[in-house]
Amino acid sequence: MNPLNLPFDAEEMLTGLRPWIECESPTWDGAAVSRMMALAARDLSAIGATVETIPGRMGFGDSIRVSFPHPDQGKPGILVSGHMDTVHPIGTLEKLPFRREDGLCFGPGIMDMKGGNYVFFEAMRQITRAGWTTPLPVTFLFTPDEEVGTPATRGLIEDAARGQRAVLLPEPASPDGGAVIGRYAIARFNLLTEGRPSHAGWALREGRSAIAAMARKILEVEAMTTEDCTFSFGVIHAGQWVNCVSSECRAEALSMAKRQQDLDHGVAAMMALEGEENGVAFKVTRGVTRPVWEPQPGTMALYEIARTIAADIGFKLNCGSAGGGSDGNFTGAMGVPTLDSIGVRGKGLHTLGEHIEVASLVERAKLAAGLLMNIR
């Protein structure tokens, strides 16, 4: 009963994965994400799983909680935690269609993280088809809002993880194919400048430009970046008419630090920037935060199981802490043994070149099956 001998087939997996990729599911389109959840629910139900749909909240799509038949159902087991939302808006398929090129396969969200989610689905499908029962009960939880910091489902994930023996996250593998055993802390901020409107042609001097003030603040905030704590901007919204001095500008900023105390200092520095200057008010609202997840003995024990399985498959599985948050920040910070980034290999996540290595589908399916059958 060696899970590495299960008949995983890359071409068969690509055929099954394609509908998931072509069901576009950007985070901010709750209905689209819910359609993706319904598709995954259908596939999981077909292999004998019990699927519970959890209605979305805060404008986000549904979640699904999936359990597989097990004599110890309800006891501590394995949680597979993944997200089905992507950063790609509806229509991205026109620019980034699902396509195979040599040893690569392209598509929106295929690397982050539908490919990894599908790998674990396929692992359970093959285990079930073989008539095997995993040593521990297995639960899948797929959520709709990870790409924006998990504001609606953090509690759902933490509740599902509490008391489990292990949490596995099929996020994309690290560039060297390695797993993640810790993540840095992340904080988000919503920023607002409020100026004074005027006609840009008739009365330019009477206005106070919220856009110009925000531009200066962006430079000031990004200059606060150090080796210990970084600051960056990714979203700016302002203006409707070029002949009007803007009265309002909104932006979103991200801060990341390797240690919680460094993030706390960064948050304090950002909040201290609030105030008014030259007739323009600058307001800062704290957004969602991901806590530092530091490697712990339980996580390292999980990694040792994975490393041994990987060696049997024929590759070296390295490990390390990483930037870029995931829902593993939450479960790892809770002290639940958590192993992250054990999904597919690839490049270009969040871009129009997002792709996976086709060969990694079988490699990672074997790793997934090995973990599900060996964690006790």
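Everything numeric in this text was worked out from a predicted model, so none of it was measured.
- Between Arg125 and Glu12, at least one side-chain N (NZ, or NE/NH1/NH2) sits under 4.0 Å from a carboxylate O, which counts as a salt bridge.
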What do the steps show when you test Arg183 against Ser326 for side-chain hydrogen bond (donor to acceptor under 3.5 Å, both in side chains), and what is the final call? CA-CA 8 Å; Arg183 286 191 181 271; Ser326 85; 3.1 Å; yes
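- Between the side chains of Asp145 and Thr27, no donor-acceptor pair of N or O atoms lies under 3.5 Å.
- Taking the charged nitrogens against the carboxylate oxygens, Glu294 and Arg259 have no contact shorter than 4.0 Å, which rules out a salt bridge.
- Nearest heavy-atom pair, Ala203 versus Ser198, reported as atom, atom and distance to 0.1 Å: O-OG, 3.0 Å.
- A 6.0 Å sphere centred on CD of Glu304 holds more than 12 heavy atoms belonging to other residues, nucleotides or ligands.
- No donor-acceptor distance shorter than 3.5 angstrom exists from the side chain of Asp62 to the backbone of Thr53, with no hydrogens or angles considered.
- Checking side-chain atoms of Thr153 against main-chain N and O of Leu156 turns up no donor-acceptor pair under 3.5 Å.
- In this structure, Ile90 CD1 and Trp28 CH2 are separated by 15.0 Å, a value rounded to the nearest 0.5 Å.
- Taking both residues in full, the closest heavy atoms of Ala123 and Ala365 are given as CB-O, 4.0 Å, listed atom of the first, atom of the second, then distance.
- A distance of 8.0 Å separates CE in Met256 from OG in Ser232, rounded to the nearest 0.5 Å.
- The side-chain tip of Lys366 does not point at the ring of Phe8 from less than 6.0 angstrom away and within 45° of straight on.
- Glu101 and His355 are not linked by any side-chain donor-acceptor pair at a separation below 3.5 angstrom, with hydrogens and angles left out of the test.
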So Arg196 and Ser209, side-chain hydrogen bond (donor to acceptor under 3.5 Å, both in side chains) or not? Walk me through it. CA-CA 7 Å; Arg196 182 193 307 160; Ser209 172; over 6 Å; no
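- Within the 3.5 Å criterion, the main-chain N or O of Ala32 finds a donor-acceptor partner in the side chain of Asp29.
- Aromatic rings from Trp293 and Phe330 are positioned such that their centres are separated by 6.0 Å or more.
- At least one donor-acceptor pair closer than 3.5 Å links the side chain of Glu24 to the backbone N or O of Thr92.
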Can you check side chain to side chain contact (heavy atoms under 4.5 Å, CB included) on Arg364 and Leu367, steps first, answer last? CA-CA 5 Å; Arg364 297 298 158 140; Leu367 177 61; 4.2 Å; yes
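- No side-chain donor-acceptor contact under 3.5 Å links Ser174 to the backbone of Asp176.
- Between the side chain of Thr143 and the main chain of Ser63, no donor-acceptor pair closer than 3.5 Å is present.
- From Leu39, atom CG reaches atom OG of Ser34 across 12.5 Å, with rounding to the nearest 0.5 Å.
- Around atom CG of Asn243, more than 12 heavy atoms belonging to other residues, nucleotides or ligands sit under 6.0 Å away.
- With Asp85 as reference, Glu146 is the one residue of Glu146, Met36, Met37 to meet the side chain to side chain contact (heavy atoms under 4.5 Å, CB included) rule.
- Once rounded to the nearest 0.5 Å, the distance linking CG of Leu302 with CG of Leu339 reads 6.0 Å.
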Evaluation steps, side chain to side chain contact (heavy atoms under 4.5 Å, CB included), between Leu79 and Leu168: CA-CA 6 Å; Leu79 173 67; Leu168 305 176; over 6 Å; no
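- Between Glu22 and Lys114 no salt bridge is recorded (no basic side-chain N to carboxylate O distance below 4.0 Å).
- The aromatic rings of Phe121 and Trp20 sit tilted relative to each other, their planes meeting at an angle between 30° and 60°.
- Taking the charged nitrogens against the carboxylate oxygens, Lys283 and Glu194 do have a contact shorter than 4.0 Å, which makes a salt bridge.
- A donor-acceptor pair under 3.5 Å is absent between the side-chain atoms of Ser246 and the main chain of Glu248, judged by distance alone.
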How far apart are the C-alpha atoms of Ile21 and Arg18, what are their side-chain angles, what is the distance that settles it, and do they pass the side chain to side chain contact (heavy atoms under 4.5 Å, CB included) test? CA-CA 5 Å; Ile21 305 306; Arg18 181 169 187 164; 5.8 Å; no
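- Between His199 and Trp202, the ring-plane angle classifies as parallel under the 30° and 60° cut-offs.
- In summary, the side chains of Ser321 and Lys258 do not present any donor paired with an acceptor at a separation below 3.5 Å, with no hydrogens or angles considered.
- The side-chain tip of Arg65 does not point at the ring of Phe142 from less than 6.0 angstrom away and within 45° of straight on.
- In this structure, CG on Asp340 lies 8.0 Å from CG on Asn329, to the nearest 0.5 angstrom.
- Formation of a donor-acceptor pair under 3.5 Å by the Gln164 side chain with backbone atoms of Gly77 is found in this model.
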Could you walk me through whether Lys316 and Arg307 pass the side chain to side chain contact (heavy atoms under 4.5 Å, CB included) test, one step at a time? CA-CA 7 Å; Lys316 182 179 180 181; Arg307 185 185 63 79; over 6 Å; no
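- Side-chain atoms of Ser360 come within 3.5 Å of backbone atoms of Arg345 as a donor-acceptor pair (strictly under, hydrogens ignored).
- If you run side chain to side chain contact (heavy atoms under 4.5 Å, CB included) between Ser81 and each of Asn117, Ile157, Thr338, only Ile157 comes through.
- More than 12 heavy atoms of other residues, nucleotides or ligands sit less than 6.0 Å from atom CZ of Arg99.
- The two residues Leu317 and Ala310 have their closest heavy-atom pair at CB-CB, 3.7 Å.
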Under 3.5 Å, which donor-acceptor pairs do the side chains of residues 126-137 form with other protein atoms, sequence neighbours left out?
residue: Gln126; atom: NE2; partner: Glu122; partner atom: OE2; Å: 2.9
residue: Thr128; atom: OG1; partner: Met124; partner atom: O; Å: 2.8
residue: Thr134; atom: OG1; partner: Leu136; partner atom: O; Å: 2.7

Report, one line per pair, each donor and acceptor closer than 3.5 Å where one atom sits in a side chain of residues 106-113; sequence neighbours left out.
residue: Asp112; atom: OD1; partner: His83; partner atom: NE2; Å: 3.3
residue: Asp112; atom: OD2; partner: His350; partner atom: NE2; Å: 2.8

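- Atoms OG1 and NE2, on Thr139 and His70 in that order, are 10.5 Å from each other to the nearest 0.5 Å.
- Side-chain atoms of Thr331 and Arg162 include no donor-acceptor pair closer than 3.5 Å.
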